[in-house]
S.K.: 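Structure incoming, see below.
Throughout, numbering of the chain's residues begins at 1 and tracks the sequence.
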Amino acid sequence: MTIGSSLQGRTCLVTGGAGFIGSHLANRLVKLGATVRVLDNLSTGTRENLQAIEGPVDFIEGDCSEEAVVAGAVEGCDTIFHLAAMASVPRSVAEPVRCHQWVATSTVRMLSAGSAAGVRRFVLASTSAAYGDSPYVAKRESDPPAPLSPYAAAKLAAEQYCAAFARSGTIETAALRYFNVFGPRQDPQSEYSAVIPRFVSMILEGQQPIIYGDGQQSRDFVYVDNVVDANLLAATVEGVNGGVFNIACGASTTLLELLDRLRELLGQGIEPIHQPPRAGDVRDSLADITEARRVLGYEPRVSVSEGLEASVEYYRSIVTSGA
């Protein structure tokens, strides 16, 4: 059976659906035959990302922290995928109050409106940043949280709201702790751009990529298609209510290893520039995905290597076309 096939004919709301991950999720939902509604304030998402979706989408431009906007967006929905947030650790350090509004306040608004509207299930995009610099090698959902940034703290608060609403019996919830998601449509030009699009775009333009720290910090990179799978599973399988699940590949890569692989794929030998570590950044991140496999039936279908090849081709096409 196709992952998420039971969503065919249902109305699904994707907040942040004009963003990188949200647009991929919205596209898959359209292909499954769901009626898709997107709510996005376009603070980081773009209308161009929506143009990539292969089918009709009902788009609402608005903020998930505004009560009237949310009430209209959730009406008639079966499932809410809440991806809208301030997805940047450095920006959250600079703007902690706005981060709380966009992450924690928006979540409780969505949960409250969804409960009142009879929404069946609410899937939250959370983050591995909740673990902070945990001393454990592989992060498990049962590990004590230790957020190092306002972004991580706000996401942790959003998870707790989900758990509280689940326990109240008003709406089913599942929280997915994304590790380092990458893939096409990640913005390489943003000041807060993720490491893979930033490295690729700089190498393609003949610039030296910047590494904050010594480059031995490690990440559990996960291709965007795997994250979409996890969202669809969290929206459809039984026994997830109130749960929190790591979504990753279960393998770590240092930034220097990542850079070596990208230089190999791009046929370039450009050396990096090292700058001081950034405030709020986690040193090492590796997921234990046992729980996601057991409860969700999640399995990362696309390897990091395959995902890097697809991503490099995407960014190469952008540079070639001059987009």
S.K.: For the side chain of H24 and the backbone of P184, is there at least one donor-acceptor N/O pair under 3.5 Å apart?
M.R.: yes
S.K.: Using modelled atom types and a 3.5 Å cut-off, is there a donor and acceptor pairing between side-chain atoms of T15 and backbone atoms of A84?
M.R.: yes
S.K.: side-chain contact (heavy atoms from CB on, under 4.5 Å), that's the test. Do L232 and L7 meet it? Break it down for me.
M.R.: CA-CA 8 Å; L232 297 176; L7 293 172; 3.9 Å; yes
S.K.: Write down the atom of G213, the atom of H274, and the distance for their closest heavy-atom approach.
M.R.: O-ND1, 2.7 Å
S.K.: I need the minimum non-hydrogen distance between L258 and I196, along with the two atoms involved.
M.R.: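 Taking L258 first and I196 second, the nearest heavy atoms are CD2-CG1, 3.8 Å.
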S.K.: Apart from L156 itself, which Ile, Leu, Val, Met, Phe, Trp or Tyr residues share its cluster (side-chain heavy atoms under 4.5 Å, direct or through members)?
M.R.: none
S.K.: Verify whether one side chain among Y178 and N231 offers a donor that lies under 3.5 Å from an acceptor in the other.
M.R.: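 Yes, because at least one side-chain N or O of Y178 sits under 3.5 Å from a partner of the opposite role on N231.
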S.K.: Does any N or O in the side chain of K155 come within less than 3.5 Å of the main-chain N or O of A125, such that one atom is a donor and the other an acceptor?
M.R.: yes
S.K.: What's the spacing between Y315 OH and L266 CG if we round to 0.5 Å?
M.R.: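 Answer for the OH-CG pair, Y315 versus L266, is 12.0 Å.
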S.K.: Residues in ring-ring contact (aromatic ring centres under 6.0 Å, His included) with F81, at least two apart?
M.R.: none
S.K.: Taking all atoms of both residues into account, what is the closest heavy-atom pair of S168 and F165, and its distance?
M.R.: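 Heavy atoms of S168 and F165 come nearest at OG-O, 2.7 Å.
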S.K.: So, the side chain of R10 versus the backbone of G33: is there a donor-acceptor pair under 3.5 Å, distance only?
M.R.: no
S.K.: Would you confirm whether E306, through its side chain, and S303, through its main-chain N or O, come within 3.5 Å as a donor-acceptor pair?
M.R.: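 Here the side-chain-to-backbone pair exists.
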S.K.: Output all residues satisfying side-chain contact (heavy atoms from CB on, under 4.5 Å) with A157, sequence neighbours left out; order by chain, then residue number.
M.R.: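 So A157 forms a side-chain contact (heavy atoms from CB on, under 4.5 Å) with A104.
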S.K.: Tell me whether L296 is reachable from V244 by hopping between hydrophobic residues (I, L, V, M, F, W, Y) whose side-chain heavy atoms are closer than 4.5 Å.
M.R.: no
S.K.: For a quick test of reading the model, state the closest non-hydrogen atom pair linking V240 to A234 and the distance between them.
M.R.: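 The pair with the smallest heavy-atom distance is CG2-O, 3.8 Å.
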S.K.: Keeping E271 on the side-chain end and P209 on the backbone end, is there a donor-acceptor pair under 3.5 Å?
M.R.: no
S.K.: Please, which pairs that meet salt bridge (Lys or Arg N to Asp or Glu O under 4.0 Å) have at least one residue in residues 129-151, sequence neighbours excluded?
M.R.: R140-D288
S.K.: Determine, stepwise, if the pair T107 / L124 fulfils side-chain contact (heavy atoms from CB on, under 4.5 Å).
M.R.: CA-CA 8 Å; T107 299; L124 172 72; 3.9 Å; yes
S.K.: Looking at CG of N246 and OG of S126, how far apart are the two atoms once the value is rounded to the nearest 0.5 Å?
M.R.: 9.5 Å
S.K.: Looking at N226 and V302, would you say the former's side chain and the latter's main chain have a donor-acceptor pair under 3.5 Å?
M.R.: yes
S.K.: Looking at residues at least two apart in the chain, or sitting in another chain, which of them share a ring-ring contact (aromatic ring centres under 6.0 Å, His included) with Y151?
M.R.: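 Counting only residues at least two positions away or on another chain, Y151 forms no ring-ring contact (aromatic ring centres under 6.0 Å, His included).
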S.K.: Would V38 and V123 show up in the same hydrophobic cluster when neighbours are defined by side-chain heavy atoms closer than 4.5 Å?
M.R.: yes
S.K.: What residues, two or more places apart in sequence or in another chain, satisfy side-chain contact (heavy atoms from CB on, under 4.5 Å) together with A113?
M.R.: V70, V74
S.K.: If hydrophobic clusters are built from ILVMFWY residues whose side chains come within less than 4.5 Å, do V228 and V237 share one?
M.R.: yes
S.K.: Measuring from D40:CG to N49:CG, what's the distance to the nearest 0.5 Å?
M.R.: 9.0 Å
S.K.: Any pair with a residue in residues 214-231 that passes salt bridge (Lys or Arg N to Asp or Glu O under 4.0 Å), sequence neighbours left out, goes on the list, sorted by first then second residue, please.
M.R.: R28-D229, D214-R283, D229-R301
S.K.: Answer yes or no: is there a side-chain heavy-atom contact under 4.5 Å between E95 and P90?
M.R.: no
S.K.: Counting heavy atoms not belonging to Q275, are there more than 12 under 6.0 Å from its CD?
M.R.: yes
S.K.: Which heavy atom of S285 sits nearest to which heavy atom of N180, and what is that distance?
M.R.: OG-OD1, 4.4 Å
S.K.: Return yes if a side-chain donor-acceptor contact under 3.5 Å exists between S218 and D284, otherwise no.
M.R.: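 On atom types as modelled, these side chains qualify, holding a pair under 3.5 Å.
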S.K.: Supply the atom-to-atom distance E264 CD to L259 CG, rounded to the nearest 0.5 angstrom.
M.R.: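 Those atoms lie 11.5 Å apart.
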S.K.: Mind checking the OG1-CG spacing from T173 to N241? Nearest 0.5 Å is all I need.
M.R.: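 One gets 5.5 Å once the value is rounded to the nearest 0.5 Å.
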S.K.: Answer yes or no: is there a side-chain heavy-atom contact under 4.5 Å between I289 and P300?
M.R.: yes
S.K.: For residues L256 and F199: do they belong to one hydrophobic cluster (side chain heavy atoms under 4.5 Å, members Ile, Leu, Val, Met, Phe, Trp, Tyr)?
M.R.: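 Yes; tracing contacts between hydrophobic side chains, which count when under 4.5 Å, links both residues.
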S.K.: Within the structure provided, determine whether E309 and L265 are in side-chain contact (heavy-atom separation under 4.5 Å).
M.R.: yes
S.K.: Looking only at the side chains, is there a donor atom on one of R261 and S305 sitting less than 3.5 Å from an acceptor on the other?
M.R.: yes
S.K.: Is there any salt bridge (Lys or Arg N to Asp or Glu O under 4.0 Å) pair reaching into residues 156-173, and which pairs are they, with sequence neighbours excluded?
M.R.: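 Of all non-adjacent pairs touching residues 156-173, those that pass salt bridge (Lys or Arg N to Asp or Glu O under 4.0 Å) are R121-E172, E159-R177.
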S.K.: Is the backbone of A73 close enough, under 3.5 Å, to the side chain of E75 for a donor and an acceptor to pair up by distance?
M.R.: no
S.K.: Donor-acceptor pairs are to be reported for all side-chain atoms of residues 55-66 against protein atoms at under 3.5 Å, with residues two or more places apart or in another chain.
M.R.:
residue, atom, partner, partner atom, Å
E61, OE1, R47, NH2, 3.0
D63, OD1, S65, N, 2.9
D63, OD1, S65, OG, 2.7
D63, OD2, N41, ND2, 3.2
D63, OD2, W102, NE1, 3.4
S65, OG, Q101, NE2, 3.2

S.K.: Determine, step by step, whether I211 and I273 satisfy the side-chain contact (heavy atoms from CB on, under 4.5 Å) criterion, reporting the C-alpha distance in whole Å, the side-chain angles of both residues, the deciding distance to 0.1 Å, and the verdict.
M.R.: CA-CA 6 Å; I211 290 180; I273 297 172; over 6 Å; no
S.K.: Could you walk me through whether R185 and S23 pass the side-chain hydrogen bond (donor to acceptor under 3.5 Å, both in side chains) check?
M.R.: CA-CA 9 Å; R185 298 205 285 276; S23 62; 3.0 Å; yes
S.K.: If you apply the rule side-chain contact (heavy atoms from CB on, under 4.5 Å), what do you find for I3 with T236, and how did you get there?
M.R.: CA-CA 9 Å; I3 295 174; T236 54; 5.8 Å; no
S.K.: Apart from Y131 itself, what residues make up its hydrophobic cluster when side-chain heavy atoms of I, L, V, M, F, W and Y under 4.5 Å apart count as a link, directly or indirectly?
M.R.: F179
S.K.: Do the ring planes of F221 and F182 sit parallel (below 30°), tilted (30 to 60°) or perpendicular (above 60°)?
M.R.: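 If you compare the ring of F221 with that of F182, the planes turn out perpendicular.
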S.K.: Can you list the residues that meet the side chain to side chain donor-acceptor pair (under 3.5 Å) rule with Q8, with sequence neighbours excluded?
M.R.: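 Q8: no side chain to side chain donor-acceptor pair (under 3.5 Å) contacts found.
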S.K.: Taking E205 for its side chain and V200 for its backbone only, find out whether a donor-acceptor pair lies under 3.5 Å.
M.R.: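 No.
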S.K.: Provide the closest heavy-atom pair for A292 versus I247 in the form atom of the first, atom of the second, distance.
M.R.: CB-CD1, 4.1 Å
S.K.: Could you give the distance from NE2 (H82) to CG (L13), rounded to the nearest 0.5 Å?
M.R.: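 That separation rounds to 9.5 Å.
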S.K.: Just to verify, what does E299 make a salt bridge (charged side-chain N to carboxylate O under 4.0 Å, His left out) with, not counting sequence neighbours?
M.R.: R293
S.K.: Do E54 and N27 have side chains that approach each other closer than 4.5 Å (heavy atoms only, starting at C-beta)?
M.R.: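 Side chain of E54 against side chain of N27, heavy atoms only: contact under 4.5 Å found.
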S.K.: Indicate if M86 and L39 have the same hydrophobic cluster label, given that clusters are the connected sets of ILVMFWY residues with side-chain heavy-atom separations under 4.5 angstrom.
M.R.: no
S.K.: Quick check against the 3.5 Å criterion: does S112 have a side-chain atom that pairs as donor or acceptor with the backbone of R109?
M.R.: no
